[in-house]
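Just below is one structure, and these are the notes that go with it.
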Amino acid sequence: MLEILFPKLCSSCADPVSKSQNICSDCSDDIKCIQDWSYCSKCGVPFGFYSSDNENYSPDIDHSNRNLCSKCLKDFYSFNRARSIAIYEGKVRDLIISFKYEGKLNRVNSLLEILFSNFPNDLDSFDTVVPVPLHIDKLRKREYNQSVILAQSVAKYKSVSCDLFGLKRIRDTRPQIEIANEGERRKNVKGAFSVSDSTVFKDKSVLLVDDVFTTGSTSDECSKMLLK
């Protein structure tokens, strides 16, 4: 009776879903998962053409992802490799925006459902998970760090530790979403992070978690500090 009166609803479109679902089939079909594309083996950015639902897709093409993009051929990034889950558009973009900026924390269940069902198979060995930190002023205003929520869930999913304090944001920065130019994005986050204790991450493999990867400037700057 309660299910009839108060059915579980898709967190994206509000259509009824089963108990085991957080997002309906129609909304799920709208999501373009990175693993269905050919992508750079280092930064994980899709080359953007050979999708399994694209008419140009061919099963004969090598999808082992040993290829590098032009940036990574020039050793543009400091991190060992980066992986994303889905293209930042449509339903995924709506879910992240409402989760990140509108205080709708219940959206995390749908995001985690997408994340865990498409978790990269080459990210299977790491010692600890670290979220990209917020500056204290921004944290007070927002009251939560969306990357912390995601990082804690990933750590639990993979049965490893989650370090919430080892990496700090020591300088408040302009939101990267407001900056279009990649060079300006890098300048914006340069020197914005530090590691509180140089021994915490020694000889450890670290999975850094953020909600959105665009130019990779934030992830790269955090990685520099962690590797240092």
Side-chain angles (χ1 to χ4, degrees), residues 20-23 25 27-54 56-73 75-93 95-96 99 107-132 146-163 167 201 203-216 218-220 222-223 226-227:
S20 60
Q21 290 180 299
N22 290 297
I23 185 167
S25 299
C27 290
S28 182
D29 290 342
D30 178 71
I31 298 166
K32 296 178 181 177
C33 294
I34 302 292
Q35 66 180 6
D36 295 331
W37 294 60
S38 183
Y39 54 83
C40 174
S41 61
K42 182 165 184 176
C43 71
V45 172
F47 295 121
F49 191 69
Y50 298 111
S51 169
S52 59
D53 61 353
N54 189 303
N56 296 296
Y57 177 83
S58 170
D60 299 324
I61 294 171
D62 181 9
H63 287 265
S64 58
N65 298 304
R66 290 189 294 267
N67 297 319
L68 297 175
C69 68
S70 57
K71 288 183 182 179
C72 293
L73 282 170
D75 290 326
F76 193 76
Y77 295 113
S78 301
F79 47 71
N80 178 269
R81 63 184 179 276
R83 294 291 178 264
S84 300
I85 303 301
I87 305 291
Y88 184 63
E89 65 180 25
K91 300 299 183 181
V92 164
R93 182 178 181 275
L95 285 169
I96 290 176
F99 171 54
R107 298 295 192 264
V108 73
N109 293 326
S110 295
L111 291 170
L112 291 176
E113 183 177 312
I114 297 164
L115 192 160
F116 295 152
S117 61
N118 297 280
F119 199 85
N121 56 19
D122 61 347
L123 292 184
D124 56 354
S125 179
F126 45 89
D127 302 308
T128 189
V129 181
V130 174
V132 170
Q146 72 284 347
S147 295
V148 165
I149 297 172
L150 294 171
Q152 287 179 317
S153 299
V154 170
K156 184 177 180 180
Y157 174 68
K158 301 300 286 187
S159 300
V160 298
S161 65
C162 184
D163 191 317
L167 182 66
F201 300 111
D203 298 326
K204 287 186 177 181
S205 176
V206 177
L207 179 68
L208 181 72
V209 173
D210 203 3
D211 56 332
V212 178
F213 183 106
T214 307
T215 63
T218 301
S219 299
D220 190 51
C222 289
S223 298
L226 292 167
L227 289 166

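For clarity, every value in this text was computed on a predicted model and none was experimentally measured. The figures here come from the full heavy-atom set of this structure, side chains too, leaving out hydrogens, waters and symmetry mates.
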Within this structure, what is the [atom1]-[atom2] distance for the pair [X] and [Y], rounded to the nearest 0.5 Å?
X      : Y      : atom1 : atom2 : result
Asp75  : Leu68  : CG    : CG    : 9.0 Å
Phe99  : Gln146 : CZ    : CD    : 6.5 Å
Leu208 : Ser219 : CG    : OG    : 5.5 Å
Cys27  : Asn22  : SG    : CG    : 12.0 Å
Ile87  : Asp36  : CD1   : CG    : 10.0 Å
Ser110 : Lys91  : OG    : NZ    : 11.5 Å

Could you report the tightest heavy-atom contact between [X] and [Y], atom names first, then the distance?
X      : Y      : value
Ile85  : Pro120 : CD1-CD, 3.7 Å
Ile23  : Ile114 : CD1-CD1, 4.4 Å
Cys69  : Cys40  : N-SG, 3.3 Å
Cys162 : Ala155 : CB-CB, 3.7 Å
Val132 : Ser147 : O-CB, 3.7 Å
Asp220 : Phe76  : OD2-O, 4.1 Å

For [Y], does its backbone N or O pair with a side-chain atom of [X] as donor and acceptor, under 3.5 Å?
X     : Y      : answer
Arg83 : Cys43  : no
Ser38 : Phe47  : no
Arg81 : Asp122 : yes

Looking only at side chains, do Ser205 and Asp127 share a donor and an acceptor under 3.5 Å apart?
no

Applying side chain to side chain contact (heavy atoms under 4.5 Å, CB included), run through Phe201 and Val130 and close with a yes or a no.
CA-CA 10 Å; Phe201 300 111; Val130 174; 3.6 Å; yes

Taking side chain to side chain donor-acceptor pair (under 3.5 Å) as the test, write out the residues that go with Lys71, two or more places apart.
Glu182

Which pairs count as side-chain hydrogen bond (donor to acceptor under 3.5 Å, both in side chains) when at least one residue sits in residues 152-163, sequence neighbours excluded?
Thr128-Ser161

ring-ring contact (aromatic ring centres under 6.0 Å, His included) filter on Phe79, not counting sequence neighbours, yields Tyr77

Would you say Tyr39 and Asn67 make side-chain contact, with heavy atoms under 4.5 Å?
no

Is there side-chain contact between Val206 and Leu227, with at least one heavy-atom pair below 4.5 Å?
no

Worked check of side chain to side chain contact (heavy atoms under 4.5 Å, CB included) between Val212 and Thr218:
CA-CA 10 Å; Val212 178; Thr218 301; over 6 Å; no

